[in-house]
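Encoded as structure tokens, the structure appears first; notes follow it.
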Amino acid sequence: MRIEGYAFNIQAKRLEETLGGYLLSGQSVQIGHPFGRSFYFKHGWQSWSEAAWVSLKESPKPILPPERRPQCDDPAYALAPVHGGSGLGGLEGYDGRMLFLGALRPGARVEADRQSLRGSSPHEISWFLAYGPPQAVLGRYAELLANTLGVRPARPAPRVWCSWYGYYNEISEARLLHTIAGLQGLPFEVFQIDDGWQQNIGDWEPNHRFPSGLQTLALRAQSQGLTPGLWLAPFIARPSSRLFQEHPDWFLRDEEGNLVSAGINWGGFYALDVTLPAVQNWLQSLIRTVRGWGFRYLKLDFLYATALPGQRHSGAAREEAYREALRLIREAAGEEVYLLACGAPILASLGLVDGLRIGPDVAPYWDNEDRRLFLHDPTGPAAYNALRTSLHRLWLRPLVHTDPDVAYFRTRYNLLSPEQRGMLQDLALVAGFKATSDPPEWLDGEEREQLKAWLEADPPIEPLGPYRFRIGSRQVDFSLWL
Ligand code: 9PG
């Protein structure tokens with residue numbers, strides 16, 4: 001079949017024309033292409049996984065060490081000899097256009113080599129196939145996804161202060177009360193407490209550093225006009241947690257009955273099987289509890305864990321089990337609670353959450369070359385890694401609030417240059433999600449003014465290319481940083 005003058009050999013069960021391309025159906029579809037060893041648009045599985053153009057001239061390199069793989073990208077394909085991605089993928093044509101294939105249901109895989117672009121899915125599904133300018137093709141794909149998976153946010157994303165990238169784990173009631181007071185006069189809308197408040201990963205009760213419980217902090221934030229926000233990782237638990245000790249049978253296992261390792265943070269952790277009715281009850285009651293404490297913004301983290309390969313009670317496919325668990329969370333939280341999904345499978349989260357982290361963690365430094373180059377891991381905390389993946393996920397903007405992670409205004413404890421800080425601030429503007437973790441007491445007068453001006457600004461954003469934007473009267477080219 002010829003599309004735009006090129007011969008593509010399409011193998012699918014059914015093919016029909018749609019606006020901007022074709023709809024295919026099948027469990028596996030294949031498109032023979034004439035582009036040889038071109039560039040492949042790789043779309044990593046979850047928030048932190050790499051999204052970028054990669055060269056088919058180089059073979060994919062597995063992330064090291066192997067124990068890290070479950071928390072970096074889909075471990076089911078960690079050793080795949082061909083380039084692939086989650087849900088969608090594309091190839092650069094000869095003229096800057098892209099041959100694109102995207103699944104219209106979660107759980108699919110798209111792979112490419114010099115001869116073909118191939119999609120495979122656990123069931124027969126519909127696919128969107130197109131050849132055109134990358135922005136146009138991705139825009140049309142987003143429209144089709146909106147029809148099948150839904151769109152959540154109507155109003156703009158809230159402006160968030162998050163405790164992670166300043167204090168990290170070193171948070172306490174006293175410290176955060178002090179922070180809330182310092183935020184007076186800065187137009188934030190959400191005050192979000194991150195990792196460090198809980199007794200253990202799995203035991204979502206406040207630890208000894210929060211002697212009056214979290215209600216006090218929620219109330220104080222609220223009385224200052226801020227929506228109280230809270231981080232939790234509801235699908236995982238450490239072996240030392242009470243949750244795991246009391247319910248080892250609630251956790252995902254492989255065919256041999258061994259627990260599935262979900263990552264190596266905190267000395268290692270496991271994932272709940274969210275298809276078990278007892279787990280579903282526990283999950284909904286956890287969400288109702290934190291809602292009862294006053295929280296109306298939840299940053300739900302390490303969500304990929306429950307979609308890892310393993311044996312599930314219900315036998316549901318991985319991403320279907322995940323999506324059903326998100327639906328239960330949404331039901332328990334209510335429609336008005338803002339849900340930000342982090343470390344989350346991308347397509348399977350659409351329509352159920354308000355915001356989605358679209359890249360790995362930023363850090364107050366530019367790059368981590370040891371991890372990126374020598375350990376083949378593009379997902380480590382670093383401004384560069386966050387920029388690269390977030391830029392390749394901006395096409396999701398019509399579907400969900402796209403969170404590129406925080407921007408910095410502080411120079412204290414910060415190795416980023418003024419230009420690098422400015423670049424992250426601009427990234428937040430084009431992504432439409434403004435957040436920072438700078439403790440107000442770390443900012444000097446000028447930095448505080450810059451933060452305030454940035455929070456207040458609402459400049460018109462006009463895309464001029466995949467990496468170029470007009471922001472108000474300025475032109476910004478992010479490709480200079482890639
Ligand atoms: C809290 C943090 C912050 C942050 C999240 C998430 O692959 N890793 O080792 C890895 C560790 C931490 C991490 C992401 C990946 O950060 O993205 O915003 O909430 O948890 O622990």
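Ligands are counted one by one from 1 in listed order, and the atoms in each one are counted from 1 as well. As the structure is a computational prediction, the values presented were derived from the model and not from experiment.
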### Query
Which of the listed options, Asp361, Leu340, Asp405, holds the heavy atom that is closest to atom 13 (C) of ligand 1?
Asp361
### Query
Is the number of heavy atoms from other residues, nucleotides or ligands under 6.0 Å of Glu456 CD greater than 12?
yes
### Query
What is the nearest protein non-hydrogen atom to atom 11 (C) of ligand 1, stated with its residue, atom name and distance?
Asn265 ND2, 3.1 Å
### Message
In this structure, does ligand 1 have an atom that sits under 4.0 Å from one of the heavy atoms of Tyr168?
### Response
no
### Query
Which residue owns the protein heavy atom closest to atom 19 (O) of ligand 1, what's the atom, and how far is it?
Asp194 OD1, 2.7 Å
### Query
Taking atom types as modelled, is there a side-chain donor on Glu331 or Gln284 under 3.5 Å from an acceptor on the other?
yes
#### Entry: Close aromatic pair by centroid cut-off 6.0 Å: Tyr338 and Tyr297
yes
## Note on the structure
Paired with Tyr165, the side chain to side chain donor-acceptor pair (under 3.5 Å) test is passed by just one of Thr436, Asp438, Asp405, namely Asp405
### Task
Kindly compute the distance separating CH2 (Trp366) from CD (Gln420), expressed to the nearest 0.5 Å.
5.5 Å
### Query
Is it true that Glu335 and Arg152 make a salt bridge, defined as a side-chain N closer than 4.0 Å to a carboxylate O?
yes
### Message
Taking 4.0 Å as the limit for heavy-atom contacts, which would you say applies to Asp301 with ligand 1: side chain only, backbone only, both, or neither?
### Response
side chain
### Task
Would you mind listing which atoms of ligand 1 come within a distance below 4.0 Å of any non-hydrogen atom of Tyr165?
4 (C), 18 (O)
### Summary
Looking only at protein heavy atoms, what sits closest to atom 21 (O) of ligand 1 is Asp195 OD2, 2.7 Å
#### Entry: Location of contacts on Cys342 toward ligand 1, heavy atoms closer than 4.0 Å
side chain
### Query
Tell me, which protein residue and heavy-atom name are nearest atom 2 (C) of ligand 1, and how many Å apart are they?
Trp164 CE2, 3.6 Å
#### Entry: Near-ring test Phe478/Trp481, centroid separation under 6.0 angstrom
no
### Message
Could you tell me, atom by atom, which parts of ligand 1 come under 4.0 Å of a heavy atom of Phe302?
### Response
6 (C), 12 (C), 20 (O)
### Task
Using a strict 4.0 Å cut-off to heavy atoms of Arg357, name the atoms of ligand 1 that fall inside it.
17 (O), 18 (O)
### Message
How about NE2 on His376, more than 12 heavy atoms from neighbouring residues, nucleotides or ligands closer than 6.0 Å, or not?
### Response
yes
## Note on the structure
closest protein heavy atom to atom 8 (N) of ligand 1 is Gln71 NE2, 2.7 Å
### Query
Is the ring centre of Trp161 less than 6.0 Å from the ring centre of Phe191?
yes
### Query
Would you say ligand 1 has an N or O under 3.5 Å from any N or O of Lys299?
yes
### Task
Heavy-atom contacts with Arg68 under 4.0 Å: which atoms of ligand 1 show up? List them by number with element.
7 (O), 8 (N), 9 (O)
